[in-house]
Amino acid sequence: MMDILIKPTKLKGKLNIPPSKSLSHRAVICASLCKGGESIIKNLILSEDIKATVEGMKRLIDKHIHNLVIDCKESGSTLRFLIPISIVLNNQCRFKGSPRLFERPLDIYFDIFNEQNITYKTSKDVPLYVKGNLKAGTYKISGKISSQFISGLFFALPLLSGDSNIIISDSLESRSYVNMTIDVMEKFGVIIKQMNANEFYIRGNQNYISSSYTIEADYSQASFFLAANELGNNIDCLGLNDTSLQGDKEIVDIIKRYKSAEREIVIDASQIPDLVPIISVLASLKNGLTTKIINAGRLRIKESDRLKAISTEMKKIGADINETEDGLIINGVEKLSGGTKVSSWNDHRIAMSLAIAATNCEKEIILENCQAVNKSYPTFWDDYKYLGGEINELNNR
Ligand SMILES: O=C(O)C1=C[C@@H](OP(=O)(O)O)[C@@H](O)[C@H](O)C1
Ligand SMILES: C=C(OP(=O)(O)O)C(=O)O
């Protein structure tokens, strides 16, 4: 575990925004599921999460492995995408990963397993063991816990011989991630048909067809630098696709809203959960403006409880920020004090948000567990230094 001291310096320069983590997971999965032919994926981000998906898919399609164990490390996407695929391809699989990963909900799958007589066990030694056959049919599931369950079923159901329907029983949060799944699958020849806002039709017996796919730049990562610009930094973010399906593209509009907001701004986070930590930093420095972040309950079930993490750490450096049950209320202040130790809570998005906050602190901060960025953006600190950020490494614990 590594701690760093970050001096308050402004960032400036051109930056190639790294490739999208979400699209990287999807392209690796689709390419691995092709029966023949070679796929070429260009611009993959080899972060810890994507390495977990690459390793996991390699093992899943390797017919010589008998006692299949997949290590998902800290990646919710890897676990939730590979569970349904594993029972379709392999009939049984053990999953392991960080303790936090198995605190994050899997109930949607457990309900399906109970209904379909699929065996599953969870224990400390083997966090998850699954055995059985996934059946084609109608799936009624909540869209409020994580869209990753829907994406996971999308990858697996077209491989079954029967047709399936997925009906969202309430509302679908993080919808753009579902749209990204459909889009990448289509590039690999597999069609998910959207019947209406809450219903999807998945024909069985489909084949993934090898393809060439280039991962576009990641709006979730760009959001740190775009918000930084609004706080007096000057970073030229290169490579972003303005017709992207990534929901976090909304950061551009949110920043526009801040430019014209007067007293209060309300941000509904249900479709853009990953933007909340950095929006909190931006909001904290909008003096005289109150930001209410609503519908952000699912932030409590990410790599950390992000509502608690960001409010605790931003308070330490002088922000006026408070948690509600499913959101945050932030009163902008003129300056952040800094001059203290803060923690990433081992969460990449908290670490990167605090790094941007540091550019606006009066005094330096010490960030604990800065290596959390490796989950999605292994070169974050190199890029930060390249842009003029001043960092001293303190220790390796
Ligand atoms: O499918 C994906 O790639 C993701 C979906 C989102 O999760 P939820 O659907 O759980 O909100 C998002 O927060 C996560 O970082 C990546
Ligand atoms: C929540 C995230 O990822 P995952 O759910 O894949 O762990 C994230 O990257 O912010």
Side-chain angles (χ1 to χ4, degrees), residues 22 143-147 170-180 218-233 237 240 242 244-315 317-334 336 345 347-357 360:
S22 292
K144 286 191 161 189
I145 299 167
S146 169
S147 68
D170 37 31
S171 58
L172 179 52
E173 298 185 1
S174 288
R175 185 181 285 274
S176 68
Y177 293 98
V178 167
N179 293 339
M180 282 191 251
D218 193 320
Y219 268 98
S220 317
Q221 309 298 27
S223 72
F224 298 103
F225 301 104
L226 295 171
N229 285 345
E230 190 56 19
L231 297 174
N233 296 281
C237 297
L240 293 167
D242 36 77
S244 171
L245 289 178
Q246 295 175 59
D248 283 356
K249 192 176 73 183
E250 203 182 320
I251 188 65
V252 176
D253 292 327
I254 290 172
I255 289 171
K256 277 191 198 139
R257 281 177 65 197
Y258 268 105
K259 290 191 196 291
S260 58
E262 281 176 3
R263 285 218 177 128
E264 186 180 285
I265 182 162
V266 177
I267 294 175
D268 182 336
S270 55
Q271 302 301 335
I272 45 161
D274 294 355
L275 294 182
V276 170
I278 189 60
I279 293 173
S280 307
V281 173
L282 180 59
S284 293
L285 282 152
K286 288 285 171 183
N287 195 16
L289 193 71
T290 296
T291 299
K292 290 188 176 150
I293 297 181
I294 60 168
N295 297 329
R298 70 173 55 195
L299 265 86
R300 297 199 185 278
I301 52 169
K302 301 287 184 186
E303 288 82 331
S304 68
D305 173 344
R306 287 183 175 158
L307 298 181
K308 198 178 204 73
I310 198 69
S311 53
T312 306
E313 302 311 309
M314 288 299 290
K315 253 190 202 146
I317 55 173
D320 178 352
I321 173 168
N322 285 298
E323 288 174 66
T324 64
E325 200 185 323
D326 66 347
L328 294 166
I329 299 177
I330 304 156
N331 297 308
V333 294
E334 205 191 322
L336 293 174
W345 292 49
D347 184 327
H348 56 140
R349 300 201 193 278
I350 303 298
M352 294 188 274
S353 300
L354 292 169
I356 301 306
N360 273 259

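Residue Lys315 places its NZ atom among more than 12 non-hydrogen atoms of other residues, nucleotides or ligands, all under 6.0 Å distant. By the 6.0 Å contact criterion, CD on Glu262 is open, its count of non-hydrogen atoms from other residues, nucleotides or ligands being 12 or less.
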### Message
Please determine whether side-chain contact (heavy atoms from CB on, under 4.5 Å) holds for the pair Leu226 and Ile255, giving the CA-CA distance in whole Å, both sets of side-chain angles, and the decisive distance to 0.1 Å.
### Response
CA-CA 8 Å; Leu226 295 171; Ile255 289 171; 3.8 Å; yes
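Remark: the Trp345 side chain and the Glu313 side chain contain an N/O donor-acceptor pair separated by less than 3.5 Å. Residues Ser270 and Arg298 bring no donor and acceptor atom of their side chains to less than 3.5 Å of each other. Asp248 and Ser220 share a donor-acceptor pair across their side chains, judged by distance under 3.5 Å alone.
A heavy-atom distance below 4.5 Å is not found between the side chains of Val276 and Ile272. By the 4.5 Å heavy-atom criterion applied to side chains, Tyr219 and Leu240 are counted as neighbours. You'll find the side chain of Tyr177 stays beyond 4.5 Å of the side chain of Leu245, heavy atoms only. Counting heavy atoms from C-beta outward, Val333 and Lys286 have side chains that stay 4.5 Å or more apart. By the 4.5 Å heavy-atom criterion applied to side chains, Ile356 and Leu282 are not counted as neighbours. Looking at heavy atoms from C-beta onward, Val266 lies in side-chain contact with Ile294 at the 4.5 angstrom threshold. Using a 4.5 Å heavy-atom threshold, the side chains of Ile265 and Thr290 count as separate. Here the side chains of Leu275 and Phe224 are not in contact, with every heavy-atom distance at 4.5 Å or above.
Under the 3.5 Å distance criterion, the side-chain polar atoms of Gln271 are matched with a main-chain donor or acceptor of Arg175. With hydrogens and angles disregarded, no donor-acceptor distance shorter than 3.5 Å links the side chain of Asn331 to the backbone of Asp320. Put simply, the side chain of Asn360 gets close to the backbone of Leu231: a donor and an acceptor are under 3.5 Å apart. A donor-acceptor contact shorter than 3.5 Å links the side chain of Lys249 to the backbone of Ser244.
How far CD1 of Ile267 is from CG of Asn295: 12.0 Å, rounded to the nearest 0.5 Å. The structure places OG of Ser311 at 7.5 Å from NZ of Lys308, a figure rounded to the nearest 0.5 Å. A distance of 12.5 Å separates CD1 of Ile251 from CD of Gln221, quoted to the nearest 0.5 Å. Taking CG of Leu328 as the start and CD1 of Ile321 as the end, the distance is 5.0 Å to the nearest 0.5 Å. Rounded to the nearest 0.5 angstrom, Asp326 CG and Ile293 CD1 are separated by 11.0 Å. In this structure, CD1 in Ile301 is found 10.5 Å from CG in Leu307, a value given to the nearest 0.5 Å.
Salt bridge status for Glu323 with Arg300: present, with a side-chain N to carboxylate O gap under 4.0 Å. Between Asp274 and Arg349 there is a salt bridge, since at least one side-chain N of the basic residue sits less than 4.0 Å from a carboxylate O of the acidic one. Ion pair Lys302/Asp347 not flagged as a salt bridge, since none of the NZ, NE, NH1 or NH2 atoms sits closer than 4.0 Å to an Asp/Glu carboxylate oxygen.
Residues Gly247 and Met180 approach most closely at N-CE, 4.3 Å, considering heavy atoms. Closest approach of Ser280 to Ile330, counting heavy atoms only: CA-CD1, 3.7 Å. Taking both residues in full, the closest heavy atoms of Leu336 and Gly318 are given as CD2-C, 3.9 Å, listed atom of the first, atom of the second, then distance. Scanning both residues, Ala227 and Ile278, for their nearest heavy atoms gives CB-CG1, 3.6 Å. Closest approach of Leu299 and Pro273 over heavy atoms only: CD1-O, 3.7 Å. What you find for Ser147 and Val178 is that their closest heavy atoms are CB-CG2, 3.8 Å.
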